[in-house]
Amino acid sequence: MTIPTFLRLVDLLPEVERSEGPDWTGFKVHGKAFGYLWERTSTVGLKQTIAEQLALVHERPDVFEVQFTTGQFGWVVVYLDGLDQDELVELTYEAWRLSAPLYLIEEQGGEPPRLPARRRR
């Protein structure tokens, strides 16, 4: 997957706030962080449950690594070139859902957004 695809996906999620750091872009919903992008390394950090964090890293250590844990959440570093579009959508939506208030999740219909198909030139 590519950085522009990740950014298009994040733009489809309701009420996402962006913040720029020196080497990263952070993503929050209602003041709660759910993701970070490091363009230089084509990686994203995504909030997950600890169980999901451990499963992802165990199954595909070439694509996922432990970033950190805090409370009941385990953040993973994701190497974008190791994912297909469906995986990126699922992981990003889950990260957003873990931070979003219930009314936003319900408004979203409990389903991840669909990326529009890109036209080929």
Side-chain angles (χ1 to χ4, degrees):
M1 287 297 12
T2 64
I3 290 169
T5 301
F6 174 74
L7 292 173
R8 282 196 333 267
L9 171 60
V10 169
D11 287 342
L12 293 172
L13 295 166
E15 300 189 29
V16 171
E17 307 146 19
R18 289 188 191 197
S19 60
E20 299 293 329
D23 297 318
W24 49 266
T25 302
F27 303 94
K28 294 180 180 182
V29 58
H30 278 254
K32 293 183 180 178
F34 70 88
Y36 294 90
L37 167 66
W38 295 276
E39 289 194 42
R40 187 178 59 75
T41 58
S42 292
T43 58
V44 295
L46 294 172
K47 184 184 222 177
Q48 299 294 304
T49 65
I50 291 175
E52 184 68 12
Q53 174 202 52
L54 295 174
L56 290 167
V57 172
H58 177 74
E59 291 170 10
R60 293 172 55 201
D62 57 321
V63 177
F64 303 102
E65 63 184 56
V66 172
Q67 186 175 16
F68 63 90
T69 58
T70 179
Q72 63 189 18
F73 301 109
W75 288 68
V76 291
V77 173
V78 180
Y79 291 83
L80 289 174
D81 61 359
L83 292 183
D84 66 29
Q85 183 169 302
D86 290 340
E87 290 174 307
L88 180 62
V89 168
E90 181 181 329
L91 291 169
T92 304
Y93 176 70
E94 181 64 14
W96 174 86
R97 193 187 68 74
L98 288 170
S99 296
L102 185 56
Y103 81 89
L104 277 183
I105 297 166
E106 289 172 350
E107 284 178 9
Q108 184 71 21
E111 294 292 323
R114 293 179 187 233
L115 283 168
R118 300 283 296 197
R119 287 191 227 171
R120 294 184 183 206
R121 295 180 191 208

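What you see is a predicted model; the values in this text were computed from it and never measured.
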Show the nearest heavy-atom pair for residues [X] and [Y], with the distance to one decimal.
| X | Y | answer |
| --- | --- | --- |
| Thr69 | Gly74 | CG2-CA, 3.9 Å |
| Asp62 | Tyr79 | O-CD1, 4.1 Å |
| Pro101 | Val29 | CD-CG2, 4.4 Å |
| Gln108 | Leu12 | OE1-O, 4.5 Å |

* Structure fact -> With sequence neighbours left out, the residues meeting side-chain contact (heavy atoms from CB on, under 4.5 Å) with Thr2 are Pro4, Thr5

* Asked: Checking Trp96 side chain against Pro14 main chain: does a donor-acceptor pair fall under 3.5 Å?
  ->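 Such a contact is found between Trp96 side chain and Pro14 backbone.
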
* **Under 3.5 Å: donor-acceptor pair, side chain of Glu87, backbone of Asp84** => yes

Is there a path of hydrophobic side-chain contacts, each under 4.5 Å between heavy atoms, that joins [X] and [Y]?
| X | Y | result |
| --- | --- | --- |
| Leu98 | Val44 | no |
| Trp24 | Val10 | no |
| Leu88 | Val57 | yes |

Approximate separation, where rounding is to 0.5 Å, of [X] [atom1] and [Y] [atom2]:
| X | Y | atom1 | atom2 | value |
| --- | --- | --- | --- | --- |
| Arg114 | Leu9 | CZ | CG | 13.0 Å |
| Leu102 | Glu107 | CG | CD | 10.0 Å |
| Leu91 | Leu46 | CG | CG | 6.5 Å |
| Lys47 | Thr70 | NZ | OG1 | 8.5 Å |
| Glu94 | Thr49 | CD | OG1 | 7.0 Å |
| Arg97 | Leu13 | CZ | CG | 12.5 Å |

* Take Phe27 and Leu7, measure what side chain to side chain contact (heavy atoms under 4.5 Å, CB included) needs, and give me the verdict at the end. => CA-CA 10 Å; Phe27 303 94; Leu7 292 173; 3.8 Å; yes

* Evaluation steps, side chain to side chain contact (heavy atoms under 4.5 Å, CB included), between Gln85 and Val89 -> CA-CA 6 Å; Gln85 183 169 302; Val89 168; 4.3 Å; yes

* To do: Could you walk me through whether Glu90 and Leu83 pass the side chain to side chain contact (heavy atoms under 4.5 Å, CB included) test, one step at a time?
  => CA-CA 11 Å; Glu90 181 181 329; Leu83 292 183; over 6 Å; no

* Give me the one residue out of Val77, Ile3, Val76 that meets side chain to side chain contact (heavy atoms under 4.5 Å, CB included) with Thr43. =>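 Only one option passes, and that is Val77.
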
Pairs of donor and acceptor atoms involving the side chains of residues 30-39, under 3.5 Å and at least two apart or interchain, shall be tabulated with distances.
| from | atom 1 | to | atom 2 | distance (Å) |
| --- | --- | --- | --- | --- |
| His30 | NE2 | Glu15 | OE1 | 2.7 |
| His30 | NE2 | Tyr103 | OH | 3.0 |

* Asked: Take atom CD in Glu20; do more than 12 heavy atoms of anything else shown fall under 6.0 Å from it?
  ->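 Yes - once you tally the heavy atoms of other residues, nucleotides and ligands closer than 6.0 Å, there are more than 12.
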
* **Residue pairs fulfilling ring-ring contact (aromatic ring centres under 6.0 Å, His included) with at least one residue in residues 53-72, sequence neighbours excluded** => Phe68-Trp75

